[in-house]
Each structure stands twice: as structure tokens, then as C-alpha cells.
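For the numbers below, each heavy atom of this structure counts, side chains included, while hydrogens, waters and symmetry mates do not. Note that the structure is predicted; figures quoted are calculated from it, not measured.
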Amino acid sequence: MATNLAQDRLGDLCVREGLISQEQLQKALADARTNNSRLGVVLVKLGFVEEDELTRALARQYQVPAVDLDRVKVDPKILKLISGEVAFKHLVLPLRRMGRTLTVAMANPSDLSAIDDLKFITRYEIEPVVVGEYTLRRHLENYYDAVDDQMAEILSDFIDADDVEYVEDEEEEVSVAALQEQIDAAPVVKFINGLLTDAVLKGASDIHIEPYEKEIRVRYRIDGSLQEIMKPPMKMKAALTSRIKILADLNIAERRVPQDGRIKLRLKKRVVDFRVSTLPVIFGEKIVLRILDKGNLTFELEKFGFEPKAERDFMDAIMKPYGMVLVTGPTGSGKTTTLYSALSKVNTEEVNIMTAEDPVEYNLHGINQVLVRNEIGMTFAAALRAFLRQDPNIIMVGEVRDLETGGIAIKAALTGHLVLSTLHTNDAPSTVTRLMDMGLEPFNVAAALNLVTAQRLVRRICNRCKAETTYPDEYLEAASIPRDYVERTTFYKGTGCDECNGSGYKGRQGLYEVMAMSTPLRKMIMQEVGTDELRDQAISEGMLTLRVDGLKKVERGITTLEEIVKETAATT
């Protein structure tokens, strides 16, 4: 409440002084509320007022002198009177001491509680002077980092480096109280807020924070590839880990076992979920944050890039009242997004949709989602059994992992329910073989299965730096690219620009191999024929393999030949 009043007073002062208009004030106040920032910083950031003008106005208002920190050099002895934590907390910088009076630069010289705190900590009378908040923050970071450097220099005078060898303990002992003090320090809070926001704005799908012996590495996974972003200071290691654990509601004192949690972040007008996983490694804990950004999610199947026949077959299968639709592919190939998109197509008031997922990645309105928890016996199979007593129309099972889950799913598909699920196989025809290898009866598989889709994600060429390219004959032959295809196709690749961070790629595109069940295919399944025969039959009925679907995307200039060769097997 006090902060809001201070913001209002500052806003009214700026309008009264003629520095900004009422409309600019309203815009700045809205921005400050949205981003949880202070009004002074927002006014300067938006360019509505120069910082020195704002400082002079505050000096007149509070009748205290203004100071230009760029012209002042603070004595390290004076800096030690106020700790970095207190300086960042209250936004104050000690400047000089005269007798029993300490002159302190403040962003808000009317903050009486801060002045009282400083009196108590330093045992001096406090004389405030006003300074711009942006400039103050910059100098605070410089000065308080410099103190640490000076401490290291002083210590080095006492010790001969050759006489000492540090051996890292297997388990670093850090008291929870000491951690809590570090975690609340402004630089750590600011760093984590900036990291999460930056990753979302760059379109990353995951953030990796990795501790090594002498450094910490932060990487983002963007369009399926990991890119190193920064190396934070080693002294922040424990505080960074603990800050993320606190945000994810994990136990900060437990550093020996993996933990999982979630963070919800409001970014401007959208809410982003982060799925947090910590894993003890030899030099600390590795943290991976999976970014679940509904703002980037599209559930419009028409925009996924299915070829016309494949799209028709897929739509027909999910519109049927019963049967089984399987989506297959490796981890991170977009299977869950395809299933959610299928569910959003059939999600109406007339149907009861139930899902069992591990974990639940996105919350979907109108769909009853159940979190699978094996440790308490809530397995996929147990959830499925319960679903069948809940009068469902459509059931989604996160994954068919074993005979029990597969058996119940097929039973549900045969008794009038539409069942959607995923499986880890390399292509559509081998999915049928995998189901039978699990121990499912061929006649049940043949009767229940409506359609199998295998999919991959490849990177799209950046439109800004797209240029024609050619490939040597040896590469084309090694990749088994047909000669007639090469002659009729113009190949493209991205040369690298600021838009795509020099990678030549921006965004991703799906490749789909859609095998719809026909009478001949059902008969072949019942006869337990091999994967190759099933594939040949499906191709003869118009199925495009992943490689052929990929080559069509290359032909249209959507992706590069390297991406297709990397993600798909040659069609024999």
C-alpha cells in the first residue's frame, strides 16, 4: 500500500512539474503494475522523462540535495558500513561520513522506515540525498561486486597460494539460514526473473542450469537445439538453486535426491508454467525448467503441415465415435501437442473427455485431466479402469507402456469409446508389431485400431536469411536422395542473421506418416505379417513415409535437406 502511495505521489509530482502528461502517467502506472516495477524506472525506460530531470524534481519536492554518482568515488571503508543485502533492499548507497552523520544516496528520500533501519544498523545519523533509481542500481552492482574483489586481494596478501590446496567436499554444507539470506538478495531475485522472462521471449522450450567444478552453465533449448546463453558467477550457485526451489515449492534443505515442482509466472498479459526438475550431480544440482507457454501453443490441426490425404485420414479417425488412434515418435517430437489438438477438435458439451497423463503439461478447459502417480498406485492402468466407470466418450492415455494398459485401452476402444494414446516407436507400421510384442492379441489390435501417426519435428528455415544452396553428389548419394528429385528441386538454407541468432533456422515444422487402417491392412495384422509388408501395403494405399513427407517440405522451401536426413530414415 505504501509503495502505491509513493508511486502516486511521484506520478502527481511529475504531472505537476510538467514533466509528463496525465495519459503518460496512466500508461507508466499500468506498465509498473504489470511488470511489478517502480514508477520512476518505468518513466525513464519508456522515455517519458530524463532521469536527471526526475532527480531534480524529487530534490525540489523533498528539499534534499541531488547527487551525480558518476562524479563520486566511494571509499571501500564507507561501503562496509552498509551490507550489499541492505543496500539493494532499500536502494541506498553510503557516500561519506562527517562526525556522527552518514550521507546516503537514496532513490526515495521520504522512505522513513529505510532511514530508521540504516540508523539502527550503522549507529549514525542519516543525511539523505536523492539520486535516480536506474543510475543507483547500476552503481550498487559495481560497488558491491568490487567489495568482493577487494576482499580477495586483501586475503591473498596473508596467504601464499602455493601453500594451500582446496579440496572440494563431496557434499557442500550450506546452512538453510545462510541460504535464505543469499536468496533474498536482489541480484539473485533479479537474475532468476530476468532468466525466466528472457527464455520465454526467445521462444525456448527448456532452460538448463548446470553446475561444473569451476563454472555454472546456462543453456536454452530453442527449436530443438541447445544453445549456451551465459555463465553466472560461481558464488551465486547455491542461491540460484535455492531460489528456483523456493519458487517451485521444493525442499531447499534436501540436496541428495531429485525433486519435481512447478512455477507459474505472469508475463505481461500471459501466464507461463515452468515444470522444474532438480537432479543431484557431483558439483551441485542440475536444474531443468520445461517451459509450458500456452501463448505459443496452437491447437489448429490445419496449421500443423499435414499433407492433404494425411490430414483427411487423421480428421476422419478422430471424428469416429469409437476405436483407437495412436501417435508415435521419440521424446520431444510433439506427440502431446498433436493429441491435445485432436482433443480440442472433439471437445464439445455433448461428450465426456477424460485423460490420464504423466505429467499434465497443459490444463485444458472442459477436459477431466488426471495426474498419474505410480508411487501411490495411480498408474495408467488404474486410471483407465476408473475412467470406464465414469461414463466417458473419449479417453486419452498419456502412453501405452505395458500389456495391462494396452489391454484396457483396446477393451475401451472395442466397447464404444474413442481412445487416443502415444507410443515410442520409429514409424507407423512398426507400432502394430510393438503392440503385438507386448502380448496383445492380433485380432483385438486389428479390430480396435483406427489410425497410427508417426511424427517428427524439424527446424524451419529462417525467412529473413533464406538463400538457395546446393549439395555435393556424394552427400546426396549417401543420404539416398533420388536423382530425379534432385534435378527438379531448388534447395534452400538459412545463412544466419540476428533474427535467428546465426543458426539459419526459426521455428519448427512437423513431419507426419499417417497410416489409416483399411480392410487389407486389418487382414494382414490378423495374419501377423511383418513390419515391412505392412509398410508396403500402406504405401500402396497412399501413405507418405516420414522421409517422403520431409522431402515435400524441402521441395516447398520450408526446411533443409540436412534436417530431413537427420530426422528420418531413407525409404527403401
Does the side chain of [Y] come within less than 4.5 Å of [X]'s, by heavy atoms?
X	Y	result
I207	L196	yes
F380	I408	no
L521	M515	yes
L384	E404	no
L247	F274	no
I539	V548	no
P442	M436	yes
P330	R456	yes

Check for a donor-acceptor pair, side chain of [X] on one end and backbone N or O of [Y] on the other, with a separation under 3.5 Å.
X	Y	result
E228	R217	no
S225	R221	no
Y485	L551	yes
Q509	F304	yes
Q369	E357	no
K335	H424	no
S421	V397	yes
N444	L414	no
E513	A428	yes
S242	A239	no

Do you see a donor-acceptor pair shorter than 3.5 Å between the side chains of [X] and [Y]?
X	Y	answer
E311	Y512	no
E541	Q537	yes
T405	D402	yes

To the nearest 0.5 Å, tell me how far [X] [atom1] sits from [Y] [atom2].
X	Y	atom1	atom2	answer
E563	R459	CD	CZ	4.5 Å
T559	K553	OG1	NZ	10.0 Å
Y340	M396	OH	CE	5.0 Å
L250	S277	CG	OG	9.5 Å
I222	I229	CD1	CD1	5.0 Å
T453	F306	OG1	CZ	5.5 Å

Looking at [X] and [Y], what are the two nearest heavy atoms and their distance?
X	Y	value
A310	V514	CB-CG2, 3.7 Å
V419	A409	CG2-O, 3.6 Å
Y322	A413	CB-O, 3.8 Å
V257	T278	O-OG1, 4.4 Å
V400	G406	CG1-CA, 3.6 Å
N393	E350	OD1-O, 4.1 Å

Please determine if [X] and [Y] form a salt bridge, counting it only when a charged side-chain N lies under 4.0 Å from a carboxylate O.
X	Y	result
K466	E499	no
D313	K309	yes
D532	R535	yes

More than 12 heavy atoms of other residues, nucleotides or ligands under 6.0 Å from [atom1] of [X]: yes or no?
X	atom1	value
N374	CG	yes
E375	CD	yes
D198	CG	yes
M378	CE	yes
R373	CZ	no
K523	NZ	no

Pick from V452, V327, L435: which one makes a side-chain contact (heavy atoms from CB on, under 4.5 Å) with L423?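 Exactly one option meets the side-chain contact (heavy atoms from CB on, under 4.5 Å) with L423, and it is L435.
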Determine whether E562 and K493 satisfy the following criterion, side-chain contact (heavy atoms from CB on, under 4.5 Å), listing intermediate values before the conclusion. CA-CA 9 Å; E562 289 95 331; K493 72 190 317 182; 3.2 Å; yes
Between I481 and Y471, does a side-chain contact (heavy atoms from CB on, under 4.5 Å) hold up when you go through it step by step? CA-CA 11 Å; I481 308 297; Y471 295 92; over 6 Å; no
Between T545 and T568, is a side-chain contact (heavy atoms from CB on, under 4.5 Å) present by the stated rule, with each step listed? CA-CA 9 Å; T545 63; T568 65; over 6 Å; no
Partner of D206 by salt bridge (charged side-chain N to carboxylate O under 4.0 Å, His left out), out of R275, K286, R219, R290: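 So, applying the salt bridge (charged side-chain N to carboxylate O under 4.0 Å, His left out) to D206 and each of R275, K286, R219, R290, only R290 qualifies.
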Run N368 and Q390 through side-chain contact (heavy atoms from CB on, under 4.5 Å) and show every step you take. CA-CA 11 Å; N368 305 287; Q390 289 271 321; over 6 Å; no
